[in-house]
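Lettering of chains follows the sequences in order, A, B, ..., and the numbering in each one begins at 1. Just so it is clear, the structure is predicted and the values come from calculations on it, not from any experiment.
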Protein chains: 2
Amino acid sequence: MGRWEPNGRGRLAQAALDLYVERGFDQTTVAEIAERAGLTERTFFRHFADKREVLFDGSSLLQQSMVDAVAAAPASASPMEAAAAALEPMGELFDQRRDFARRRHSVISVNPELKERELIKLATLTEAIAATLHERGVAEPAASLAAQATIGVFHVTFQRWVAPGETRELGELMRESLAELKAVVR
Amino acid sequence: MGRWEPNGRGRLAQAALDLYVERGFDQTTVAEIAERAGLTERTFFRHFADKREVLFDGSSLLQQSMVDAVAAAPASASPMEAAAAALEPMGELFDQRRDFARRRHSVISVNPELKERELIKLATLTEAIAATLHERGVAEPAASLAAQATIGVFHVTFQRWVAPGETRELGELMRESLAELKAVVR
DNA sequence: TAGGCGAGGTCAGCGCCTGACATCGAACCC
DNA sequence: GGGTTCGATGTCAGGCGCTGACCTCGCCTA
């Protein structure tokens with residue numbers, strides 16, 4: 001058999017990213033995305049909640065991987081150590097897709113609406129980690145604060161990782177930022 | 001002269017909040033807001049960028065007050081101390097408007113789109129504080145991390161302050177959360 | 001082979017938001 | 001006073017995002 005044939009959802013996501021990169025998010029209509037994918041506008045909205053969501057398809061996978069890591073941290077770990085365990089699988093998850101991440105980032109970073117969506121994804125991540133810390137017996141507000149600090153590190157570090165010219169791997173950058181945070185907060 | 005007559009902008013903001021509380025954000029159309037304010041839909045959009053923005057009219061004032069506080073921190077303050085100075089004027093700014101804040105919060109907290117907008121306001125705040133820290137000679141990533149931690153504390157604490165039953169003042173809660181953060185990170 | 005089911009198409013319509021142009025009253029200038 | 005400018009608002013037309021309701025078609029399975 002030949003090359004893999006992407007399904008409707010995959011074609012839509014691909015077409016959307018391509019068009020957003022080519023001519024900008026605002027200058028792209030959903031009808032155009034659907035047309036390039038060989039489908040109709042209505043079908044786009046059956047797969048994605050809105051025009052922005054198509055750029056955030058991987059977020060549930062990311063969340064699952066973070067939550068699993070926190071849950072799997074040794075029982076002896078402090079709340080902050082457990083939360084920070086979420087950062088360990090990040091290299092695994094992202095290092096192979098750096099150019100995809102960069103294309104995606106180039107679209108999001110110039111559009112306030114897309115930044116909003118990104119931020120709420122990060123907030124959801126934060127809540128998920130806080131909830132996992134609760135299950136480990138961590139009380140409030142320690143759980144929320146540790147989760148917040150962890151996702152703060154993730155966000156800042158991800159930005160550095162997609163920046164042009166940066167070649168270090170994500171895991172290394174994560175460990176570096178985390179050390180910085182500990183040094184700064186006192 | 002009689003009671004103060006609110007201008008168009010003020011009437012629109014008031015009508016919007018009232019309607020959002022009465023029947024929910026999604027169930028309110030901009031045309032209805034305008035009608036209650038005695039104006040037209042077009043005029044609403046001349047005053048506010050979109051249907052959500054009307055709930056965030058005070059954000060530039062908040063940002064200014066935080067930035068000023070950071071800039072005014074003593075030169076001897078550490079980066080985190082300087083950033084955390086942004087939290088001190090919060091009681092001044094909010095304690096007199098707690099019921100307004102609660103009404104507003106009751107609308108935002110049940111609507112993802114509105115949470116998105118709130119989050120980007122917080123992110124803008126974070127950047128403004130980081131920039132102010134830069135002017136104080138703080139380098140990256142320390143400035144971003146300190147700003148992030150500070151706004152994280154602000155957000156978590158504000159949520160507690162508007163929670164039903166909470167009677168303590170904002171300043172007190174802020175100091176408490178900040179102490180927690182220091183204890184938790186490390 | 002009939003029926004279920006999942007992916008997709010078609011159509012109609014609401015509501016958000018914008019550009020272009022018109023109106024009107026207050027302030028300002030001569 | 002009369003003209004002028006200017007800011008706030010109204011009117012109109014229209015694009016686009018998004019949704020509900022209903023239909024088609026191919027595939028799987030009892």
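Shown here are the salt bridge (Lys or Arg N to Asp or Glu O under 4.0 Å) partners of Arg36(B), two or more places apart in sequence or in another chain: Glu22(B). Considering only residues two or more places apart in sequence or on other chains, Arg23(A) meets the salt bridge (Lys or Arg N to Asp or Glu O under 4.0 Å) condition with Glu32(A). In terms of the side-chain contact (heavy atoms from CB on, under 4.5 Å) criterion, residue partners of Ala147(B) (sequence neighbours excluded) are, by chain and number, Thr126(B), Ile129(B), Ala130(B). Partners of Ala143(A) under the side-chain contact (heavy atoms from CB on, under 4.5 Å) rule, at least two apart in sequence or in another chain, are Leu133(A), His134(A), Val138(A), Glu140(A). Partners of Arg102(A) according to the salt bridge (Lys or Arg N to Asp or Glu O under 4.0 Å) rule, which considers only residues two or more places apart in sequence or in another chain, do not exist here. Residues that satisfy the salt bridge (Lys or Arg N to Asp or Glu O under 4.0 Å) test with Asp26(A), not counting sequence neighbours, are absent from this structure.
Listed by residue number, there are no residues of residues 103-123 of chain A with a heavy-atom contact under 4.0 Å to DNA chain C.
Applying the side chain to side chain donor-acceptor pair (under 3.5 Å) test to residues at least two apart or on different chains, the pairs with a partner in residues 113-122 of chain A are Asp50(A)-Arg117(A), Glu53(A)-Arg117(A), Glu53(A)-Lys121(A), Glu116(A)-Arg52(B), Glu116(A)-Arg117(B), Arg117(A)-Glu116(B).
Hydrophobic clustering (side-chain heavy atoms under 4.5 Å, transitive across Ile, Leu, Val, Met, Phe, Trp, Tyr) keeps Leu173(B) apart from Phe100(B).
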Treat primed atoms plus P, OP1 and OP2 as sugar-phosphate and everything else as base, then score nucleotides 6-19 of chain C 5' to 3': B for base contact with protein heavy atoms under 4.0 Å, S for sugar-phosphate contact only, - for none. --BBB-----SBBB
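Protein chain B contacts DNA chain D from dT9(D) to dT11(D), reading 5' to 3' and using non-hydrogen atoms of the protein with a distance under 4.0 Å.
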Pairs under 3.5 angstrom only: tabulate donor-acceptor contacts from the side chains of residues 151-158 of chain B to other protein residues two or more places apart or in another chain.
| unit_1 | atom_1 | unit_2 | atom_2 | d |
| --- | --- | --- | --- | --- |
| Thr157(B) | OG1 | Val153(B) | O | 2.5 |
| Thr157(B) | OG1 | Ser177(B) | OG | 2.9 |

Donor-acceptor contacts under 3.5 Å from residues 59-73 of chain B side chains, at least two apart:
| unit_1 | atom_1 | unit_2 | atom_2 | d |
| --- | --- | --- | --- | --- |
| Ser59(B) | OG | Phe56(B) | O | 3.0 |
| Gln64(B) | NE2 | Asp68(B) | OD1 | 2.9 |

